[in-house]
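Remember, predicted model here, so these are calculated numbers, not experimental data. Just so it is clear: chains get the letters A, B, ... in the order the sequence lines come, proteins before strands, and each one is counted from 1. Only heavy atoms go into these numbers, but all of them, side chains included; no hydrogens, no water, no symmetry mates.
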Protein chains: 2
Amino acid sequence: MDSIDIEILKLLQKNARVTASEIASEVSLSVPAISERIKKLDSSGIIQKYTIILSTQKMNKNLVAYMFISLKHPNYIEGFVELVENENEIIECDYLAGDYDYLIKIITKDTKSLEAVLNRIKTVTGVQKTKTIVTLSTVKNTYSILPYEDTNM
Amino acid sequence: MDSIDIEILKLLQKNARVTASEIASEVSLSVPAISERIKKLDSSGIIQKYTIILSTQKMNKNLVAYMFISLKHPNYIEGFVELVENENEIIECDYLAGDYDYLIKIITKDTKSLEAVLNRIKTVTGVQKTKTIVTLSTVKNTYSILPYEDTNM
DNA sequence: CTTGAAAAAGCGAGGGA
DNA sequence: TCCCTCGCTTTTTCAAG
């Protein structure tokens, strides 16, 4: 991965549908050279996925909340994770070190739909303790890590 | 937005570089019909952006942490937000209702680089109290809300 | 929404620094 | 190895119905 790859990744992150021709003229290489580099970035797994981000506002999902969850026992992980995977309004779920076991991010329509999700979570077998935090606004969201060269490896 | 648009959004979310031809054969419409629908989903803002998700592992960013932050006074918001925007390793930042003012998500290389980020945050003028939580593993991350029809609007 | 032709983009082979 | 150019195929765009 050199600085040209970084530049390609930046352009794809800004717009994943940018054509190889456009990238080629940006970085002053031929189209096949760009295609070849993208193919390598793909197959090496550096590019995990090409995706679209949907507007929460346009989709009427204006309520963002975080919920901390503790389970009674690791036995209950499997059932809990299954629920997490099936709930479309749970966007993220991390397993934590510390007081609580999990942190999930929920994006939903309003307080009523949030209540419904929270209740489904709280009634999963093994869920012991929860704490919910509602967000007022989102200051930053880059969705992915940014591409840059690692200077201290 | 009808069920065909939903289908298009799902396919784009799975792979934002899928061709209109492929979508067309999936949903049994002509290529121009698909292009026209995508153009509308674009210009209406429903599709917020086409982007790539980079592999944290391949980019050597294997440490995910959350940090809660309280400011002494709303006067300090501007300076804090500026730092947040400039720190590449801060992926998300939400303004909260509750005990703390902000929750940020940090993705970085290791504990050493995390320490560096945390110290930069803690030394921003007006930062009063912080609490950091390290994640052990990521259970789920969809990056965007999912496209589906709203049945109760 | 469709079809069909023109324009653009992408792909693969062969060869050069 | 990485890059180029050239010719061919696929995709996109646009006009007309």
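D/dC3 atom P lies 14 Å from atom CD1 of A/Ile23, rounded to whole Å. D/dC3 atom P lies 12 Å from atom CD1 of A/Ile38, rounded to whole Å. Between the CZ atom of B/Arg37 and the P atom of C/dC1 there is a distance of 5 Å, rounded to whole Å. Between A/Glu36 atom CD and D/dC3 atom P there is a gap of 9 Å when expressed in whole angstrom units. Rounded to an integer number of Å, the gap from B/Lys39 NZ to D/dC14 C1' is 9 Å. Atoms CD (B/Glu22) and C1' (D/dT12) sit 14 Å apart, rounded to a whole Å. Taking atom CG on A/Leu29 and atom P on C/dA17, their separation rounds to 18 Å, with Å as the unit.
Taking 4.0 angstrom as the limit, A/Ser21 places a side-chain polar atom (N or O) nearer than this to OP1 or OP2 of C/dG10. Using a 4.0 Å cut-off, some side-chain N or O of A/Ser30 falls inside it from OP1 or OP2 of D/dC4. Within the 4.0 Å cut-off from OP1 or OP2 of C/dC11, at least one side-chain nitrogen or oxygen of A/Ser35 is found.
Counted by atom type alone, B/Ser144 and B/Gln13 present one or more donor-acceptor pairs between their side chains at under 3.5 Å.
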All N/O pairs under 3.5 Å across the protein-nucleotides 13-15 of chain C interface:
none

